[in-house]
Every structure is written in structure tokens, then in C-alpha cells.
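To keep things clear, I will list the structure first and then write my remarks on it.
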Amino acid sequence: MSTENVIVKDEAGVRLIILNRADKKNAINQDMYAAMADALNAAQEDDALRVVVFTGSGDAFSAGNDMMDFLNPNARMGDADLPVERFLQAILTAKKPMLAAVNGLAVGIGTTMLMHCDLVYASDNARFSVPFINLGLMPEAASSLLLPAAIGPKKAAEMLMFGDFHDAETARDMGLINEVFTSESLMDEVMTRARALAAKPPSAMLLIKSLLKREPETPGARMARESALFAERLQSAECKEAASAFFEKRAPDFTKCAE
Ligand code: COA
């Protein structure tokens, strides 16, 4: 599944998708979007894979969409079968947890794709920018909705209207990312977390992600939905295994809990 510019590695239930175009700061071209969409979609269908992690090679996460696309009259963004649109649909609809290890610059879609990741970790030299305004463009990947939801409307306006860079600690303090690590420790820290998620009860994990990603609803409607799901989960093999393991004083093993 790997291509020259996108490396895909599977290990211990974790699919690692590495943007591998370091000489262009991992700017994403249509071939790369296609490879990323395929790798992400295939992970949803593979029971052995529980978690997806995105990162970049070299000193950048991604400098965003390949600027050549913006000069190509044939690359009409918005066409559903265009690789970029397939990738956007894939991150929008992914059922399994997605993590990002932001190892440097994250520009344009390098930042907006993070809005779709459940957990985002960055190296201390990472910088984030959504410079659409400076290019006479619009925010994409639903970021005009998801960015204010993540960091608040004032901060989102600042990022989208000025298009300036924010460093990793500022991004963490704004709630754009979870945690900051040194460059040297970033991948170990992220893979440790990814492996931990991969060992959690898989069906319960999918339900939690689907609840976190659901369209807004009233607290009452949400409470009712949670209660119904909670009652269902009490009957699940995963819950029975967790409770049995507790009383038998052993670690739970969710690998036998196919549902
Ligand atoms: N599309 C295509 N190529 C890109 C690119 C992009 N988005 N971003 C960087 N590159 C290429 C550069 O053209 C350069 O190629 P070259 O060596 O053949 O000249 C190479 O990557 C390195 O980039 P460079 O600008 O020299 O690195 P830098 O560290 O000085 O700056 C950035 C890095 C990301 C700040 C700068 O390249 C930049 O602003 N890129 C455009 C980001 C952008 O606007 N993306 C679109 C968002 S919608």
C-alpha cells in the first residue's frame, strides 16, 4: 500500500501513515491524497487494525496542499472523485481513532486535517498555520466549523483571518493539540499511546468515537442515547471480560471479544 511519497506501516494494531516528501516539506499532491485515502479507508475494514497514526518524514509534518494544484486548471477542488476530496471524506467518516504526531511545520491541510484526528501530539519545533486568507482562498476540511469548536471563535478568527504561525506550546494552550514533546521523543510517545488505544475494547472504542463525532444534539437527547448504548454495552463480551478480569485479578484480554 506504500508509495514513494506515502509510507504505510502496520504494527501491533496500529497503522502508521507517513507523509514522505521531505524535500517539499511533505506538501501533499493528488497521488499522496489517493494513497492516504486508500490506507485510511482500508484500515476501517481490517479487524487487525485498531488505530491510525499520521506523521511526516524530515522536519515538516506537511506544508499543505501542493501549490501546483492551485495553478492546475484541471484540478477542480470539489469534484467528489478527486483524490483530495476522497481523503477529506475518509478523515470525516473514519470510525477508528486517528492520532497525529506533528513533527514540524503544519500548514493549510497539514493543520486542518488535525481537526479530524482524535488526539494530536507535536514536537516542540512544530508550527501551525492556516494561511488560506493570504492565498485568497477559503478554509477547507470543515475547519471553519471545527476550528472555532476546538479553540473558540476568537482564536479561530485570529488564525483564519491573519494566517500567521503559532508555535507548539501556543497551539497546546489554545486546545488545538493535546501535548508537546521533544522532537526526539515524539514518535515513541505517540506510538506508546497508539498501542495503548489498540489494546482497549475495540467495539466500545468505536462507539465512543462515534459519540464524540456526532452532530450537535440537546443534552437530553444525548443523555438518552448514551443510556441506551450503556445498557447495550453492559451485555457486551467486552464488558463481561473487563469485569471478570477485575475479579480474577488479571489483565483483561479483549482480543477474544469479537462482536
Ligand atoms: N506546495 C508545493 N511545494 C512546496 C510547498 C507546497 N505547499 N511548500 C513548500 N514547498 C517546496 C518549496 O517550493 C521548496 O521546493 P524547492 O526546494 O524545489 O524550491 C521546498 O518545498 C522547501 O520549501 P521552502 O520554502 O524552501 O522551505 P522553508 O522552510 O523556507 O519554508 C514553508 C517552508 C512551508 C513555510 C514554505 O515553503 C511555504 O510557505 N510553503 C507554502 C505553504 C502553503 O501556503 N501551503 C498551502 C496552504 S493552503
SB check Arg193 Glu179 (cutoff 4.0 Å): yes

Let me check something: do Ile17 and Leu49 share a hydrophobic cluster, defined by ILVMFWY side-chain heavy atoms less than 4.5 Å apart, either directly or through other members? no

Do Ile28 and Leu19 touch side chain to side chain, with heavy atoms closer than 4.5 Å? yes

Do Asp173 and Thr170 get their side chains close enough for a donor-acceptor pair, meaning under 3.5 Å? no

For the residue pair Phe181 and Tyr121, categorise the inter-ring angle as parallel (less than 30°), tilted (30 to 60°) or perpendicular (more than 60°). tilted

Without hydrogens or angle criteria, can the side chains of Asn20 and Glu4 be said to hold a donor-acceptor pair below 3.5 Å? no

Tell me whether Val190 is reachable from Met205 by hopping between hydrophobic residues (I, L, V, M, F, W, Y) whose side-chain heavy atoms are closer than 4.5 Å. yes

For Ala245 and Ala251, which heavy atoms make the closest approach, and how far apart are they? CB-C, 4.1 Å

Of all the heavy-atom pairs spanning Ala43 and Val52, show the shortest one and how long it is. CB-CG2, 3.8 Å

Drop me the distance from Leu99's CG to Asn178's CG, to the nearest 0.5 angstrom. 8.0 Å

Would you check if Gln44 and Lys96 make a side-chain contact, meaning some heavy-atom pair closer than 4.5 Å? yes

4.5 Å side-chain heavy-atom contact, Val51 and Arg15: no

Validation row: Leu160, Phe132 side chains within 4.5 angstrom (heavy atoms): yes

Straight-line distance of Met98 CE to Leu197 CG, nearest 0.5 Å: 13.0 Å

Can a donor-acceptor pair be found, under 3.5 Å and without considering hydrogens, that links the side chain of Glu241 to the backbone of Asp253? yes

Mind checking whether Glu217 and Arg225 have side chains closer than 4.5 Å, heavy atoms only? yes

Say you draw a straight line from CD of Glu140 to CE of Met113; how long is it, rounded to the nearest 0.5 Å? 11.0 Å

Within the distance-only criterion (no hydrogens, no angle test), does the side chain of Asn65 pair as donor or acceptor with the backbone N or O of Met67 below 3.5 angstrom? no

Within this structure, what is the CE-CG distance for the pair Met191 and Leu186, rounded to the nearest 0.5 Å? 11.0 Å

If you measure from the Lys or Arg side-chain nitrogens to the Asp or Glu carboxylate oxygens, is any gap between Glu11 and Arg195 under 4.0 Å? yes

Say whether, by atom type as modelled, one donor and one acceptor occur between the side chain of Arg172 and the main chain of Val180 under 3.5 angstrom. no

Other residues, nucleotides, ligands: >12 heavy atoms within 6.0 Å of Lys9 NZ: no

Same cluster or not: Met187 versus Ile7, using hydrophobic residues (I, L, V, M, F, W, Y) connected whenever any side-chain heavy atoms lie under 4.5 Å apart? yes

Basic-acidic side-chain contact under 4.0 Å: Asp118, Lys209: yes

Are the side chain of Thr55 and the backbone of Ala101 linked by a donor-acceptor contact shorter than 3.5 Å? yes

Do Glu85 and Tyr33 make a side-chain contact, defined as non-hydrogen atoms from C-beta onward lying under 4.5 Å apart? no

Can Lys200 and Glu238 be said to form a salt bridge (charged side-chain N to carboxylate O under 4.0 Å, His left out), step by step? CA-CA 9 Å; Lys200 302 277 185 200; Glu238 289 174 359; over 6 Å; no

Take Leu137 and Phe70, measure what side chain to side chain contact (heavy atoms under 4.5 Å, CB included) needs, and give me the verdict at the end. CA-CA 10 Å; Leu137 290 172; Phe70 300 160; 3.8 Å; yes

Heavy atoms, side chains only, cut-off 4.5 Å: are Gln30 and Val84 in contact? yes

Do side-chain atoms of Ser143 reach the backbone of Leu146 as a donor and acceptor pair under 3.5 angstrom? no

Quick check: does any side chain N or O of Thr93 sit under 3.5 Å from a backbone N or O of Gln89, one acting as donor and the other as acceptor? yes

Using the side chain to side chain contact (heavy atoms under 4.5 Å, CB included) rule, take Leu105 and Phe61 through it: C-alpha gap first, then chi angles, then the decisive distance, then the call. CA-CA 5 Å; Leu105 282 172; Phe61 179 66; over 6 Å; no

Does a side-chain heavy-atom distance below 4.5 Å link His116 with Leu92? yes

Once rounded to the nearest 0.5 Å, what's the spacing between atom CG of Asp66 and atom CD1 of Ile109? 12.5 Å

Would you confirm whether Asn103, through its side chain, and Ala60, through its main-chain N or O, come within 3.5 Å as a donor-acceptor pair? yes

Using only heavy-atom distances, determine whether the side chains of Asn5 and Thr3 contain a donor-acceptor pair under 3.5 Å. no

Just how far is it from atom CG of Asn26 to atom CG of Asp59, taken to the nearest 0.5 Å? 8.5 Å

